[in-house]
Amino acid sequence: MENNGSDASIRSLYQKIQTMSVSEKLDLARKAPKEARSILIRDSNKLVQLAVVSSPKITESEILAIASSRQVNDDVLKKIGMNKDWLRNYQVRLALVNNPKTPLSIAMAQITYLNQRDLALLAKSKGVPRPIVTAAEGRLRVVKR
């Protein structure tokens, strides 16, 4: 059986992480390379997920992927939504609004920042909570005036 080295190393990293205790995972999340963070963010423990987004090494592109993910705990999305540096990225704001797991207060706060095109898409969306759709419709009426 032939496989390339990076697949095998990621697989062994995954296996190594699976055998770790929560405190070891928390420690790893703070100083882990990107590959380990991408495995740790899918951990069922919300503390591990929060440690990943608190990592000083985390990148904006990782935050965007996490904000779009429906597998993360809503507390992780709340933490992203309360970080002013990450909210400077329009795509992060949009991902939070479009993620049905984002706490309503965080998602609603982002609607004012969305452009007309994204508001129109949001107003037609079936994948977000009804109050978000209603807020997007209301904002769209204000923007069109």
Side-chain angles (χ1 to χ4, degrees), residues 6-145:
S6 69
D7 279 354
S9 68
I10 288 174
R11 219 181 349 269
S12 73
L13 178 63
Y14 179 79
Q15 288 163 342
K16 192 183 291 177
I17 289 172
Q18 294 309 91
T19 63
M20 288 180 168
S21 69
V22 171
S23 65
E24 289 171 321
K25 288 178 186 178
L26 292 173
D27 198 40
L28 179 62
R30 281 186 271 283
K31 52 187 187 250
K34 187 176 182 174
E35 296 76 23
R37 286 193 302 271
S38 70
I39 294 167
L40 288 167
I41 196 65
R42 287 181 249 139
D43 196 274
S44 58
N45 188 312
K46 114 176 152 183
L47 293 175
V48 174
Q49 291 181 3
L50 285 166
V52 171
V53 294
S54 300
S55 168
K57 292 182 170 186
I58 198 144
T59 64
E60 208 167 70
S61 63
E62 287 175 276
I63 290 297
L64 178 57
I66 294 166
S68 305
S69 171
R70 289 162 199 231
Q71 275 86 49
V72 295
N73 186 286
D74 52 351
D75 286 343
V76 172
L77 297 170
K78 183 178 182 180
K79 185 167 180 78
I80 292 171
M82 294 178 84
N83 184 309
K84 300 219 182 320
D85 291 335
W86 296 331
L87 290 179
R88 285 194 191 110
N89 181 325
Y90 181 83
Q91 295 304 318
V92 171
R93 286 184 189 271
L94 187 59
L96 287 171
V97 175
N98 280 303
N99 190 332
K101 287 190 80 179
T102 302
L104 213 47
S105 60
I106 299 289
M108 292 291 251
Q110 306 315 313
I111 288 177
T112 13
Y113 299 97
L114 300 183
N115 65 38
Q116 203 169 334
R117 187 179 140 266
D118 290 327
L119 284 169
L121 291 170
L122 197 56
K124 293 184 182 94
S125 177
K126 301 265 185 270
V128 295
R130 187 77 196 130
I132 300 291
V133 171
T134 307
E137 290 167 345
R139 180 82 184 129
L140 210 46
R141 282 193 293 274
V142 171
V143 173
K144 283 184 174 177
R145 279 191 191 144

Ignoring hydrogens, what is the shortest heavy-atom contact between Ala29 and Ala51? Give both atom names and the distance.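 Here Ala29 and Ala51 meet closest at CB-CB, 3.7 Å.
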Please list all pairs passing the salt bridge (Lys or Arg N to Asp or Glu O under 4.0 Å) test where one or both residues lie in residues 78-90, with sequence neighbours left out. Asp85-Arg88
Please collect all side-chain hydrogen bond (donor to acceptor under 3.5 Å, both in side chains) contacts where either partner lies in residues 94-110, sequence neighbours excluded, each pair once.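 Residue pairs with at least one partner in residues 94-110: Arg93-Gln110.
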Is it the case that more than 12 heavy atoms not belonging to Tyr90 sit under 6.0 Å from its OH atom?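 Above 12, so yes.
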Among all residues two or more places apart in sequence or in another chain, which pass the salt bridge (charged side-chain N to carboxylate O under 4.0 Å, His left out) test with [X]?
X     : value
Arg70 : none
Lys34 : none
Asp43 : Lys25

Nearest 0.5 Å, what's the [atom1]-[atom2] distance between [X] and [Y]?
X     : Y      : atom1 : atom2 : result
Glu60 : Leu64  : CD    : CG    : 8.0 Å
Glu35 : Leu40  : CD    : CG    : 11.5 Å
Leu77 : Ile106 : CG    : CD1   : 9.0 Å
Lys31 : Arg37  : NZ    : CZ    : 13.0 Å
Leu47 : Ser54  : CG    : OG    : 10.5 Å

Checking Leu121 now: which residues fulfil side chain to side chain contact (heavy atoms under 4.5 Å, CB included) with it, not counting sequence neighbours?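 With sequence neighbours excluded, Leu121 shows a side chain to side chain contact (heavy atoms under 4.5 Å, CB included) to Arg117, Asp118, given in chain and number order.
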I'd like to check Asp27 versus Glu24 (side-chain heavy atoms, cut-off strictly below 4.5 Å). Are they in contact?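 SC-SC contact between Asp27 and Glu24 ruled out.
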Going by heavy atoms in the side chains, are Leu96 and Leu87 under 4.5 Å from each other? yes
Please report the C-alpha distance between Thr59 and Glu62 in whole Å, then the side-chain angles of each, then the deciding distance to 0.1 Å, and finally whether the side-chain hydrogen bond (donor to acceptor under 3.5 Å, both in side chains) criterion is met. CA-CA 5 Å; Thr59 64; Glu62 287 175 276; 3.0 Å; yes
